[in-house]
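Within every chain, numbering begins at 1; the chains are lettered A, B, ... in the order of the sequence lines, protein sequences first and strands thereafter.
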Amino acid sequence: MTPNKSLHLYNSLSGKKEPFVPIHEGRVGMYVCGPTLYSEPHMGNMRTFINFDFIYRCLLHFGYQVKYVRNITDAGHITNSAGQEVDSIGSAARLEQVQPLEIVYKYNVKFQELQRLYNLLPPNIEPTATAHIQEQIEVIEQILENGFAYVENGSVYFDVKAYLQHFPYGELSGRKVEELEHETRALNAQEEKRFFADFALWKKAQPDDMQVWRSPWGNGNPGWHIECTAMSTKYLGKQFDIHGGGMDLKFPHHEDEIAQNCGSFGCNPARYWLHANMLNVNGQKMSKSFGNYFLPKEIVEGSSPLFSKPYAASVVRFFMLQAHYRSTLDITEEALNASEKGFERLMEGLSLLDKVSPSKESSFSVEDWKQSAESALLDDFNAPILIANLFEAVKQIHALNEGKAQLNETDLSLFKATLAHLTFEVLGIEPIENQGNDRLAGVMEVVMALRQKAREQKDWASSDMIRDGLAKAGIQIKDGKEGTTWG
RNA sequence: GGUCUCGUGGCCGAGCGGCUAGGCACCGGUCUGCAAAACCGUAUACUCCGGUUCGAAUCCGGACGAGACCUCCA
């Protein structure tokens, strides 16, 4: 197989890998659906954000000037499984007996903490729905003017039948409206809609609504899908390069975004639609409604009953990137432990490289290795293959360290720089900081010296007593060639 | 029920017509006072049944199994 020289990515619109050609050369506009702040994002949500963070990092690595927009949903009515329009943030506010803004603020702070914990690069803009009510109203007005929506009793609905005269509906999710009709379960509370597939753009205020905005149609709330259309248009234009989100948003959310964008501006908002797959627990999608979810914080604190010990955020991130973003990933303790070991091997390999000194000749091609890693990234952001390349490098590092391989000065510095860049900048994992404090380090120095003295005197009983005692205290001794380490 | 996706060695997971993916575990070896760790190495696989092909884990058809979506979801 010849290595890709240019970026190819899988476009959900066509169902194929396509060469990536940005609208403006050298620049990429990317919009990713962010969290709804009515609760703390769970680990499944984090997987999607980690995957798109990796994709963002890859695009930066390729040299694109990227404008990355990820929204924060802090308002909006969604239609629940009973067919009722509900305000999830308002419900959370009622439940916790606080103002909706307090809910949003509280979970936004937590989300920002999580982004730092999992080393997510901040998007260029994180717009909120509530700050863009006016823009949403303007898009709705445009859709009305184009004849693809109607007003009914203070609410505005998207008119799918009128829209179908000019545009297809359901292309992204591969659905046909006539098929949808008899597949859709019977819904109540939709008498206002003229057609079952119509969806709310604006919902008239209900007596118990905690958040209400003024509009040309009276007081109310924006629909769930319209914020993305308004904000993506404002910050990226009527059409931009990449739209991302979780697989489960394909229908109806992204389908309706396409309809809104076509209905107002006559074009699909994005040229490439990317969908990240789900995180599974016990073979089933992690979901609030299944009750099989845990929080990104619980896994690093070790407070989730699913896991017997804590895992560093970097290890969790590394674990997630060992699967391709388009595949489902099963999280189990066994798999996580495997990643943890691999992660440590990678980190130790990298620090070992610092001790390697250059030779006159090079015994392997750093350039070839670099190309191999590069083509993995160019092939639809293939993180698992990138990681396989990193382990290939680790193998070479050990060979270098033992004198079984050589690199000249130029190649060695290229090797070091590329490896560090791919690991820390592109993959976005960080070494785990040594948690030991200075006083402990001082004590350990004395203990290690005592044990070394005992060993020199072949006093194995004392030596092993120290080792076993420390093991009980959770400190492991490693007798290496160049002295003993602990951790 | 409809639409779609997927079934890879003990586990996770790439590949998607011919070339060792990778990690972890296992086993063997090196090192070591012993152990652990570390390093090196071998082995193990493509759900089943047909078809296409010189050649199929990879393409086509069927069976079985799993999952996702079908107005809560990343």
Could you check how far [atom1] of [X] sits from [atom2] of [N], rounded to whole Å?
X	N	atom1	atom2	result
A:Phe251	B:rC4	CZ	P	15 Å
A:Asn389	B:rU20	CG	C1'	14 Å
A:Asn280	B:rG13	CG	C1'	14 Å
A:Asn337	B:rC24	CG	C1'	9 Å
A:Arg317	B:rG23	CZ	P	21 Å
A:Asp330	B:rG7	CG	P	13 Å
A:Met247	B:rC69	CE	P	10 Å
A:Ile385	B:rG23	CD1	P	12 Å

Counting only side-chain N and O atoms of A:Arg175, is one of them less than 4.0 Å from OP1 or OP2 of B:rU71?
no
With a 4.0 Å limit, can you tell me whether A:Lys341 has a side-chain N or O closer than that to the phosphate oxygens OP1/OP2 of B:rA25?
yes
Answer yes or no: side-chain N or O of [X] and base N or O of [N] forming a donor-acceptor pair under 3.5 Å.
X	N	answer
A:Asp459	B:rG33	no
A:Lys395	B:rC40	no
A:Ser327	B:rG13	no
A:Arg467	B:rC34	yes

Now, which nucleotide makes the Watson-Crick or G-U wobble pair with B:rA68, with each of the two distances under 3.5 Å?
B:rU3
Closest approach to the side chain of [X], judged atom by atom: which nucleotide of [options] is it?
X	options	answer
A:Lys285	B:rA74, B:rG13, B:rC69	B:rC69
A:His42	B:rA74, B:rA14, B:rG33	B:rA74
A:Gln322	B:rA14, B:rA74, B:rG22	B:rG22
A:Arg455	B:rG22, B:rC34, B:rG67	B:rC34
A:Leu329	B:rC24, B:rC12, B:rA14	B:rC12
A:Met286	B:rA74, B:rG10, B:rG33	B:rA74
A:Pro384	B:rC40, B:rA14, B:rG33	B:rA14
A:Trp224	B:rC69, B:rC73, B:rC12	B:rC73

Rounded to the nearest 0.5 angstrom, the NZ-CH2 distance for A:Lys250 and A:Trp273 is 11.0 Å
With no hydrogens and no angle check, just 3.5 Å: does a side-chain donor-acceptor pair link [X] and [Y]?
X	Y	result
A:Asn261	A:Thr229	no
A:Tyr157	A:Lys203	yes
A:Ser39	A:Lys288	yes
A:Asp256	A:Gln260	no
A:Thr328	A:Asp330	no

Is A:Arg175 close enough and on-axis enough to A:Phe251, meaning under 6.0 Å and within 45°, for cation-pi?
yes
Does [X] reach a base, just sugar-phosphate, or nothing at all? Heavy atoms under 4.0 Å.
X	result
A:Ala323	sugar-phosphate
A:Gln284	sugar-phosphate
A:His275	nothing
A:Gly245	sugar-phosphate
A:Met46	nothing
A:Ser339	nothing
A:Ala388	base
A:Asn382	sugar-phosphate
A:Phe290	sugar-phosphate

Going by centres under 5.5 angstrom and planes under 30 degrees, do the aromatic ring of A:Phe49 and the base ring of B:rA74 stack?
no
